[in-house]
Enquirer: 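What follows is a structure written as structure tokens; I'll ask about it next.
Hydrogens, waters and symmetry mates play no part in the numbers below; they use all other heavy atoms, side chains included. The sequence lines fix the lettering, A, B, ..., with proteins before strands; numbering per chain opens at 1. These numbers come from a predicted model, not from an experiment.
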Number of protein chains: 2
Amino acid sequence: MNIGEVSERSGLPPKTIRYYEDINLVRPLRSDNGYRSFRESDIHKLAFLGRARALGFSIEDCRTLMDLYEDETRESAQVKAVAKEHLAEIDNKIAQLKSMRETLSHLVEACQGDHRPDCPILKDLSRGV
Amino acid sequence: MNIGEVSERSGLPPKTIRYYEDINLVRPLRSDNGYRSFRESDIHKLAFLGRARALGFSIEDCRTLMDLYEDETRESAQVKAVAKEHLAEIDNKIAQLKSMRETLSHLVEACQGDHRPDCPILKDLSRGV
DNA sequence: ATAGGGCTTCCAGCAACTGGAAGCTCAAGG
DNA sequence: CCTTGAGCTTCCAGTTGCTGGAAGCCCTAT
């Protein structure tokens, strides 16, 4: 199967699929004409990767998860550890964004947003050095 | 004032300060020995930038905000518009992260995390292609 | 034969720095 | 006076995860 069809079936852009091959996340075969030739198992892998990425896992995490997936002797504790760590990172990011949101929304509310130059947002950003 | 002291006073790493000069966010003078020579106004600017970045504004937003800050004829509506747009982006990111968090936390809870290979996390990631 | 679409590779660029190498400057100590 | 070490300089490369574009081959249809 050529990359175009694989792209449609996996939901990943061709560029991304080529990139994943570059970094050895998938290893499609090659046809005589030089085209990549994907097996069903490659598509399966790519879809797996797409879903892991959609959950925010880093590429390296994805690699680890794929390896665990293909390792029959894995322990679910290993998978859970990766996921829990990622979950903690997500929580950190959410907390950070919420704190930004908090500050920023107050400032936005305090700003008249009219034709005059006075602005609490700029005032806050430029507060004492 | 040399970059080291400016770094301490502004809270930005020297590398970052040099980078901000590269992209013309600050324009320190130069001493005869070639060292950057910062004025108080430069430190003020850098602190401003640091706070804007801490609120998650992009570098380009920071540039815009700095320009507005220095423009006496600005209208606060311009500032507010930039801030509101950024706030919306933050809200989007939070929503996205929350949705990931939702899915992921369910999966993590469902995973035994023991020595056996069976794992709902991997099962979900590899669900029907 | 030619046009088009799909495929290939490779190079560059995005954001916002960060690390490291090579080398100059300056102040202090022996 | 010389050396040592910290601090400064520039420049290049790498980070993350792609994405865009150029140049060119392949295949099918007209």
Side-chain angles (χ1 to χ4, degrees), chain A residues 1-38 42-43 45-46 48-66 85-86 89-90 92-93 96-97 100, chain B residues 1-38 42-43 45-46 48-66 85-86 89-90 92-93 96-97 100:
Chain A
M1 201 179 321
N2 286 349
I3 201 168
E5 196 179 342
V6 173
S7 169
E8 275 178 27
R9 286 188 50 195
S10 67
L12 298 174
K15 281 273 189 187
T16 300
I17 297 172
R18 291 195 194 100
Y19 173 66
Y20 285 175
E21 184 191 17
D22 267 6
I23 61 175
N24 287 317
L25 279 177
V26 277
R27 302 170 196 273
L29 304 172
R30 292 286 172 149
S31 305
D32 291 345
N33 60 12
Y35 286 15
R36 287 171 185 80
S37 176
F38 296 84
D42 293 319
I43 298 180
K45 268 194 189 189
L46 288 167
F48 181 104
L49 293 168
R51 280 187 291 261
R53 291 288 300 134
L55 286 180
F57 285 105
S58 71
I59 289 285
E60 281 320 302
D61 277 352
C62 288
R63 195 189 300 279
T64 303
L65 291 171
M66 272 295 315
E85 198 159 326
H86 178 45
E89 272 168 34
I90 289 179
N92 282 344
K93 279 189 195 161
Q96 203 186 343
L97 286 170
M100 287 178 185
Chain B
M1 200 178 320
N2 286 349
I3 202 168
E5 196 179 341
V6 173
S7 169
E8 275 177 27
R9 285 187 51 193
S10 67
L12 298 175
K15 281 274 188 185
T16 300
I17 298 173
R18 292 195 193 98
Y19 172 66
Y20 286 175
E21 184 190 18
D22 267 7
I23 61 175
N24 288 317
L25 279 177
V26 276
R27 303 171 196 273
L29 305 172
R30 292 286 172 149
S31 305
D32 291 345
N33 59 13
Y35 287 15
R36 287 170 183 80
S37 176
F38 295 84
D42 293 318
I43 298 180
K45 268 194 189 188
L46 288 168
F48 182 104
L49 291 168
R51 280 188 290 261
R53 291 288 298 133
L55 286 180
F57 284 105
S58 71
I59 290 284
E60 281 319 302
D61 277 353
C62 288
R63 196 189 300 278
T64 303
L65 291 171
M66 272 295 315
E85 197 159 326
H86 179 45
E89 272 169 35
I90 289 179
N92 283 343
K93 278 189 197 162
Q96 203 186 342
L97 285 171
M100 287 179 184

Enquirer: Rounded to the nearest Å, what distance is computed from the CD1 atom of residue I3(B) to the P atom of nucleotide dC17(C)?
Expert: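 After rounding, the gap between these two atoms is 14 Å.
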Enquirer: Hey, what do you get for OG1 (T64(A)) to CZ (F57(A)), rounding to the nearest 0.5 Å?
Expert: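 Here the interatomic distance stands at 10.0 Å.
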Enquirer: Anything under 3.5 Å between a protein N or O and an N or O of nucleotides 18-21 of chain D, put it in a table, one pair a line.
Expert:
{"from": "dC18(D)", "atom 1": "OP2", "to": "Y20(A)", "atom 2": "OH", "distance (Å)": "2.6"}
{"from": "dC18(D)", "atom 1": "OP2", "to": "R53(A)", "atom 2": "NE", "distance (Å)": "2.7"}
{"from": "dT19(D)", "atom 1": "OP2", "to": "T16(A)", "atom 2": "OG1", "distance (Å)": "2.9"}
{"from": "dG20(D)", "atom 1": "N7", "to": "K15(A)", "atom 2": "NZ", "distance (Å)": "3.0"}
{"from": "dG20(D)", "atom 1": "O6", "to": "K15(A)", "atom 2": "NZ", "distance (Å)": "3.1"}
{"from": "dG21(D)", "atom 1": "O6", "to": "K15(A)", "atom 2": "NZ", "distance (Å)": "2.3"}

Enquirer: Return the value, rounded to whole Å, for the distance between atom CG of D61(B) and atom P of dA15(C).
Expert: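 So the two atoms are 12 Å apart, to the nearest Å.
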Enquirer: Can you tell me how far apart NZ (K93(B)) and CD (Q96(A)) are? Round to the nearest 0.5 Å.
Expert: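 Those atoms lie 9.5 Å apart.
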Enquirer: Just how far, in rounded Å, is C1' of dA6(D) from CD of E8(B)?
Expert: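 Spelled out: CD on E8(B) to C1' on dA6(D) is 14 Å.
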Enquirer: Nearest 0.5 Å, what's the CD1-CZ distance between I43(B) and R9(B)?
Expert: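 Taking CD1 in I43(B) and CZ in R9(B), the distance rounds to 3.5 Å.
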Enquirer: Can you list, in residue-number order, the parts of residues 23-33 of chain B that come under 4.0 Å of DNA chain C, counting heavy atoms only?
Expert: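 Those residues whose heavy atoms fall under 4.0 Å from DNA chain C, taken from residues 23-33 of chain B in numerical order, are N33(B).
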Enquirer: For E60(B), which residues count as a side chain to side chain contact (heavy atoms under 4.5 Å, CB included) partner, sequence neighbours excluded?
Expert: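 Result, side chain to side chain contact (heavy atoms under 4.5 Å, CB included) vs E60(B): S58(B), R63(B).
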Enquirer: Please report the shortest heavy-atom distance between I17(B) and L12(B), naming the atom on each side.
Expert: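 I17(B) and L12(B) have their closest heavy atoms at CD1-O, 3.6 Å.
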Enquirer: Send over the distance from E5(B) CD to dA6(D) C1', rounded to a whole Å.
Expert: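 After rounding, the gap between these two atoms is 15 Å.
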Enquirer: Find the distance E21(A):CD to dC7(C):C1' and express it as a whole number of Å.
Expert: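 My rounded result for the distance is 13 Å.
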Enquirer: Tell me which of S37(A) and S58(B) sits closer to the 5' end of DNA chain C, going by the nucleotide each one is nearest to.
Expert: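 Its nucleotide being nearer the 5' end, the pick is S37(A).
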Enquirer: Just verifying a value: how many Å separate I59(B) CD1 and Y20(B) OH, rounded to the nearest 0.5 Å?
Expert: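 It is 4.0 Å, given to the nearest 0.5 Å.
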Enquirer: With side chains defined as the heavy atoms from C-beta onward, is the minimum distance between L49(A) and L25(A) less than 4.5 Å?
Expert: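 Yes, at least one pair of side-chain atoms sits under 4.5 Å.
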Enquirer: Could you check how far OH of Y35(B) sits from P of dG23(C), rounded to whole Å?
Expert: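 The answer, rounded to whole Å, is 16 Å.
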Enquirer: Please check if atom CD in E21(A) has more than 12 non-hydrogen atoms from other residues, nucleotides or ligands closer than 6.0 Å.
Expert: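 Buried by this count: over 12 neighbours within 6.0 Å.
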Enquirer: Any side-chain N or O of R18(A) under 4.0 Å from OP1/OP2 of dT8(C)?
Expert: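 Yes, R18(A) has a side-chain N/O under 4.0 Å of OP1/OP2 on dT8(C).
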Enquirer: Counting just side-chain N and O atoms, does R36(B) come under 4.0 Å of either OP1 or OP2 of dT10(D)?
Expert: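 R36(B) to dT10(D) OP1/OP2: side-chain N or O found under 4.0 Å.
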Enquirer: Quickly work out the F38(B) CZ to dC8(D) C1' distance and round it to whole Å.
Expert: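 Rounding to the nearest Å, CZ of F38(B) and C1' of dC8(D) are 11 Å apart.
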Enquirer: Could you give the CD-to-P distance, from E60(B) to dC17(C), as a whole number of Å?
Expert: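 Distance check: E60(B) CD to dC17(C) P gives 12 Å.
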Enquirer: Has S37(A) got a side-chain atom pairing as donor or acceptor with R30(A)'s backbone, closer than 3.5 angstrom?
Expert: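 It does not hold such a pair.
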